[in-house]
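Remarks on the structure that follows.
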Amino acid sequence: MPSEEGSVVRWLVCGASAGLAVDIGLYPLDTIKSRMQSKQGFIAAGGFKDIYRLLSFRGMSSVLVGSAPGAAIFFLTYKYINGQMKRSIEGKDALVDAFSASLAEIAACAVRVPTELCKQRGQVNKNTRLTLICKEIMESKGLKGFYQGYEDSGNKLHFDPSMGKESIASSYTDLNSEPN
């Protein structure tokens, strides 16, 4: 990356910080949304119980593990692709920005999809330990199970300024499925 664009470390830190700030700040609202989408029903999934207490942060460990890397991958990929394309394509800044954001979103979804899946299972199920959630997914569906919904989220070329979090979250219709 050229020096005027800033360093790689700068973009990694910016991306990670932005991702964590958004995910932590909106976590209580995201918990309500996940409980409303739960197959077991809103009340059975916890309803409004403990929304603003520490207990409302069920599933937060997956966010802490995956949010910063996912956002950092998005920012770094976007800046790199955008910089490379703007050098060779002139006068089409909006198209270059949109294309760069789309490719960055696809790259970031490699981290975000498993993070969202584990987070939402933690928000609506009694089992909230990240290690147990991951073990359950791995035993029931293997590594492929962590990417349920990836095709619905990563392969949509959407141009969402909030980095597609709602598109990813709403793509999971199988949040509460029992292991096969």
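Excluded from the calculations below are hydrogen atoms, water molecules and symmetry mates; all remaining heavy atoms, backbone and side chain alike, are included.
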Minimum heavy-atom separation for Ala71 to Arg112, with atom names? CA-NH2, 4.0 Å

Interatomic spacing from CG in Leu132 to CD1 in Ile137 - rounded to 0.5 Å: 11.0 Å

Donor-acceptor check, side chain of Arg35 to backbone of Phe42, threshold 3.5 angstrom: yes or no? no

Heavy-atom check, side chain of Asp23 versus side chain of Lys119, under 4.5 Å: no

Under a 3.5 Å distance rule, please check whether Ser67 uses its side chain to pair with a backbone N or O of Gly19 as donor and acceptor. yes

Please report the interatomic distance NZ(Lys33) to CD(Gln120), rounded to the nearest 0.5 Å. 5.0 Å

Rounded to the nearest 0.5 Å, what separation is found between the CD1 atom of Ile89 and the CD atom of Gln84? 11.5 Å

Members sharing Val111's hydrophobic cluster (side chains within less than 4.5 Å): Ile73

Under 3.5 Å, is there a donor-acceptor pair between the side chain of Tyr78 and the main chain of Glu105? no

Please indicate whether Lys135 has more than 12 foreign heavy atoms, meaning atoms of other residues, nucleotides or ligands, lying under 6.0 Å from its NZ. no

Are Phe146 and Cys118 packed together at the side-chain level, in the sense that at least one heavy-atom pair is separated by less than 4.5 angstrom? yes

On a heavy-atom basis, which atom in Met138 and which in Leu143 lie closest, and how many Å separate them? SD-N, 3.5 Å

State which residues pass salt bridge (Lys or Arg N to Asp or Glu O under 4.0 Å) with Lys92; sequence neighbours excluded, sorted by chain then number. none

Just how far is it from atom OH of Tyr27 to atom CD1 of Ile32, taken to the nearest 0.5 Å? 12.0 Å

Do Val9 and Leu76 belong to the same hydrophobic cluster, where Ile, Leu, Val, Met, Phe, Trp and Tyr are linked whenever their side-chain heavy atoms lie under 4.5 Å apart, directly or via other members? no

Give me the atom names and distance for the closest heavy-atom approach of Tyr147 to Cys109. CE2-O, 4.4 Å

If I compare all heavy atoms of Gln40 with all of Ser38, which pair ends up nearest, and what's the gap? CG-OG, 2.9 Å

May I ask whether Leu103 and Leu95 are part of the same hydrophobic cluster, defined by side-chain heavy atoms of I, L, V, M, F, W, Y residues being less than 4.5 angstrom apart, directly or through others? no

Is there a side-chain contact between Arg10 and Cys14 in this structure, where contact means two heavy atoms from C-beta onward sitting under 4.5 Å apart? yes

Is there side-chain contact between Lys79 and Asn82, with at least one heavy-atom pair below 4.5 Å? no

